[in-house]
Amino acid sequence: MGGCSPASLDCNVMLGFWLARTARKQGLLTEAARAVIDWSFSPAGAALGRIEWRAVVGNVASARAAQALGFHYEGILRLGIAHPDTRQDCWIAGILASDDRAARSWPAFDN
């Protein structure tokens with residue numbers, strides 16, 4: 001992978017995750033995703049400037065993981081996720097190479 005510069009306009013990367021039920025609540029997902037993010041932003045890795053996360057609206061478990069990883073909630077994309085026979089609204093969040101990655105409040109489900 002040649003990588004993308006932070007200023008590149010043609011580089012679009014998404015991170016998604018799924019974990020078997022028996023492996024959940026052990027910190028494995030956030031540990032693995034954090035390693036992928038670290039490598040993705042590293043100049044010795046992919047040297048990306050931005051990573052996006054998306055999940056079907058209501059997938060709070062996935063959203064909590066993205067929130068803990070430091071993603072910034074950006075809103076809802078209407079019919080933004082395609083499935084084999086339908087489209088669904090999705091939450092979208094992003095993280096930049098320059099972000100501090102601290103978990104922050106997400107208005108979609110934090111009160």
Side-chain angles (χ1 to χ4, degrees):
M1 175 180 225
C4 302
S5 71
S8 176
L9 298 177
D10 62 348
C11 184
N12 203 4
V13 176
M14 247 192 301
L15 174 65
F17 26 79
W18 179 88
L19 202 59
R21 189 173 309 274
T22 56
R24 294 178 188 165
K25 298 191 186 252
Q26 298 176 41
L28 299 172
L29 188 141
T30 52
E31 180 181 351
R34 192 167 284 116
V36 169
I37 293 167
D38 288 345
W39 179 85
S40 296
F41 288 146
S42 168
L48 300 176
R50 173 184 167 86
I51 301 171
E52 287 183 3
W53 162 90
R54 297 179 187 189
V56 171
V57 169
N59 186 344
V60 174
S62 184
R64 294 263 186 234
Q67 180 186 34
L69 290 162
F71 281 82
H72 292 242
Y73 175 79
E74 296 174 343
I76 294 176
L77 296 176
R78 297 180 307 143
L79 302 181
I81 288 184
H83 291 282
D85 57 352
T86 186
R87 294 188 70 87
Q88 293 182 291
D89 294 350
C90 69
W91 285 322
I92 183 170
I95 189 168
L96 305 179
S98 58
D99 287 343
D100 66 11
R101 300 199 217 165
R104 58 200 21 89
S105 177
W106 280 25
F109 56 82
D110 283 350
N111 290 319

Please name all residues satisfying side-chain hydrogen bond (donor to acceptor under 3.5 Å, both in side chains) with D99, sequence neighbours left out, ordered by chain then number. H72

Minimum side-chain heavy-atom gap I37-F71 below 4.5 Å: yes

Given side chains that start at C-beta, do those of I95 and W53 come closer than 4.5 Å, heavy atoms only? no

Under a single-linkage rule joining Ile, Leu, Val, Met, Phe, Trp and Tyr whose side-chain heavy atoms are separated by less than 4.5 Å, which residues share a cluster with I92? L77

Please evaluate residues V56 and D89 with respect to the criterion side-chain contact (heavy atoms from CB on, under 4.5 Å), reporting the C-alpha separation (whole Å), side-chain torsions for both, the decisive distance (0.1 Å), and the verdict. CA-CA 6 Å; V56 171; D89 294 350; over 6 Å; no

Does the side chain of R34 come within less than 4.5 Å of L69's, by heavy atoms? yes

Check the hydrophobic clustering (I, L, V, M, F, W, Y; side-chain heavy atoms under 4.5 Å; chains of links allowed) and say if L48 and L96 are grouped together. no

Once salt bridge (charged side-chain N to carboxylate O under 4.0 Å, His left out) is applied, do any residues pair with E52, and if so which ones, sequence neighbours excluded? R50, R54

For T30 and G27, the nearest pair of non-hydrogen atoms, with its separation, is OG1-O, 3.3 Å

Can you list the residues that meet the salt bridge (charged side-chain N to carboxylate O under 4.0 Å, His left out) rule with R24, with sequence neighbours excluded? none

Contacts of D100 that satisfy salt bridge (charged side-chain N to carboxylate O under 4.0 Å, His left out) - sequence neighbours left out: R104

Could you pull out the closest heavy-atom pair between A55 and I81, with the gap in Å? C-CD1, 3.6 Å

Single-linkage hydrophobic cluster F17~W106, side-chain heavy atoms < 4.5 angstrom: yes

Rounding to 0.5 Å, atoms OG (S62) and CH2 (W18) come to a distance of 12.5 Å

Classify the ring geometry between W91 and Y73 as parallel (under 30°), tilted (30 to 60°) or perpendicular (over 60°). perpendicular

More than 12 foreign heavy atoms under 6.0 Å from CD of E31: is that the case here? no

Residues in side-chain contact (heavy atoms from CB on, under 4.5 Å) with A23, at least two apart? L19, L28

